[in-house]
Amino acid sequence: MNDWQIKDTSLSSRLFLGTAAYPSPETLQKSIEAAQPGMLTVSLRRENAAGKGQDFWNIIKGFNIPVLPNTAGCYGVVEAVTTAQMAREIFETNRIKLEVIGDDYTLQPDPYGLLEATEKLITLGFEVYPYMTDDLVLAGRLVDLGCDILMPWGAPIGSGRGLNNIYALKQLRDRFPDKTLVVDAGLGAPSHAAAAMELGYDAVLLNTAVAKAGDPALMAKGFADAVNAGRAGYLAGIIAPQEKGAPSTPLLDKPFWHQTND
Amino acid sequence: MNIILNGDAHTLKTAQNIDAFLQDQGYNGKLVAVAMNGAFVPKSTYASTTINDGDKIEIVAPMQGG
């Protein structure tokens, strides 16, 4: 149930975990061990000669888990494309989680910049994982450009609000049954991850919900279990909700049973 | 000559290529990537890319990300 693939990359889990904002490198390590994620997101920052970037990368490399570099904090197309190119050289992967932020307050992605940057990066041979809103038309345009993976937000990054628009997320799943769909951002509780997986999403990506939890490693395990539970629920076929109650225990031959008039 | 390195003013005695610049600045052997004036500079072109007065250099390394 958990072994799957995105293109040529074999993944062992449907939970993608961010590596930022943990209280310490040790907590990050313990959280990764507890989550056993299918992918780890990483980033780039300015580095001086005495910087700590190499130490961080040595920790991540030790897990031998595929990495997904991001363009976090980019507000323009040129900036995002250049960051992606630098990430490709450093992390030696064509995968890029493309973030082009359009609004400071909500960190909502800029759909126009996202499309422009996606087109350029696909031309340059990148495998684009676009961080997007849950807009159906935007998804269609990204697919037209060649995206096989779509990553709609559940809610604003770091907000912990969960799935703000289940209807829109369900529409995306129904309309793009052959694409890899990942809910990225906004999750706070393991139940949010389970809900996304029950919709038939292929994976969830989260960071803050684990990194900022009271016990990050325990929360990582909670999310891993929730992702598995949600996936099992989706595969098993969830019953349709009914208006009326229906007894689960057969009533025929129950002691003192009698036929009622209706 | 004056350049901007990672957003800060920086002085160089002479124009030099990126290979030499990285060595002089202590980045030798470190995993970094470089952009100049907003454009990516592939590692394979470090030796043939000269830093000139007024150039803006960005040097980045792996970092935590979500």
Side-chain angles (χ1 to χ4, degrees), chain A residues 16-22 25 28 40-61 67-73 76 78-79 81-92 97 99 107 124 131 157-158 184-185 205-212, chain B:
Chain A
F16 298 172
L17 189 64
T19 58
Y22 290 81
L28 167 63
L40 287 169
T41 54
V42 292
S43 194
L44 293 176
R45 287 294 179 274
R46 285 170 169 167
E47 174 95 332
N48 61 36
K52 300 285 188 191
Q54 322 296 314
D55 298 340
F56 162 73
W57 181 229
N58 285 334
I59 292 173
I60 298 303
K61 268 196 306 188
V67 294
L68 177 59
N70 69 25
T71 63
V78 172
E79 190 186 348
V81 170
T82 301
T83 301
Q85 289 174 297
M86 291 194 286
R88 175 159 67 179
E89 186 176 82
I90 283 194
F91 297 112
E92 298 179 332
K97 176 185 163 182
E99 293 185 32
L107 300 179
L124 292 169
Y131 166 59
I157 296 170
D184 175 14
L205 197 168
L206 55 102
N207 188 154
T208 309
V210 167
K212 297 289 190 185
Chain B
M1 77 184 202
N2 299 310
I3 64 166
I4 303 292
L5 173 60
N6 283 347
D8 294 326
H10 194 85
T11 306
L12 282 183
K13 286 179 185 165
T14 58
Q16 61 181 163
N17 69 41
I18 291 180
D19 246 346
F21 177 75
L22 289 175
Q23 284 197 25
D24 285 359
Q25 299 300 318
Y27 289 99
N28 204 16
K30 292 203 162 196
L31 183 62
V32 294
V34 176
M36 187 159 82
N37 302 324
F40 170 58
V41 181
K43 197 169 292 221
S44 58
T45 66
Y46 284 178
S48 59
T49 305
T50 303
I51 300 172
N52 292 303
D53 190 44
D55 282 341
K56 293 178 180 169
I57 309 293
E58 297 281 348
I59 300 175
V60 297
M63 190 57 70
Q64 297 88 338

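Computation of the quantities below employed the complete heavy-atom set of this structure, encompassing side-chain atoms and omitting hydrogens, waters and symmetry-equivalent molecules.
Note: Gly66(B) leads Gly7(B), Ala39(B), Ala33(B), Gly66(B) in heavy-atom pairs under 4.5 Å with chain A. Interface summary for chain A: among Leu5(B), Ile59(B), Leu31(B), the most heavy-atom pairs under 4.5 angstrom belong to Leu31(B). For the set Val78(A), Val67(A), Val81(A), Asn48(A), the count of heavy-atom pairs under 4.5 angstrom toward chain B peaks at Asn48(A). Counting heavy-atom pairs closer than 4.5 Å to chain B, the top residue among Asn207(A), Leu44(A), Leu17(A) is Leu44(A). Your options are Gly51(A), Ala49(A), Gly18(A), and the one with the most heavy-atom pairs under 4.5 Å with chain B is Ala49(A). Among Thr83(A), Ile90(A), Thr82(A), the residue with the largest count of heavy-atom pairs under 4.5 Å with chain B is Ile90(A).
For Glu99(A), the part lying near chain B is the side chain, with the backbone staying farther off; criterion is any non-hydrogen pair under 4.5 Å. Tyr131(A) does not touch chain B: none of its heavy atoms, backbone or side chain, sits under 4.5 Å away. Looking at Asp55(A), neither its backbone nor its side chain comes within 4.5 Å of chain B, counting heavy atoms on both sides. Of the atoms belonging to Glu89(A), it is side-chain heavy atoms, and not backbone ones, that fall under 4.5 Å from chain B. Ala35(B) touches chain A through backbone and side chain together, each having a heavy atom under 4.5 Å away.
With a 4.5 Å cut-off on side-chain heavy atoms, Phe21(B) and Val34(B) do not count as touching. The closest side-chain heavy-atom distance from Lys43(B) to Tyr46(B) is below 4.5 Å.
In this structure, Thr19(A) contributes its side chain and Thr41(A) its backbone to a donor-acceptor pair below 3.5 Å. No donor-acceptor distance shorter than 3.5 angstrom exists from the side chain of Asn2(B) to the backbone of Ala9(B), with no hydrogens or angles considered. The backbone N or O of Thr50(B) lies less than 3.5 Å from no partner atom in the side chain of Asn17(B), so there is not a single donor-acceptor pair. Panel note: side chain Arg45(A), backbone Met63(B); no donor-acceptor pair is recorded below 3.5 Å. When atom types are taken as modelled, the side chain of Asn52(B) and the backbone of Ala15(B) share no donor-acceptor pair closer than 3.5 angstrom. With Asn37(B) contributing its side chain and Lys56(B) its backbone, the two residues share a donor-acceptor pair below 3.5 Å.
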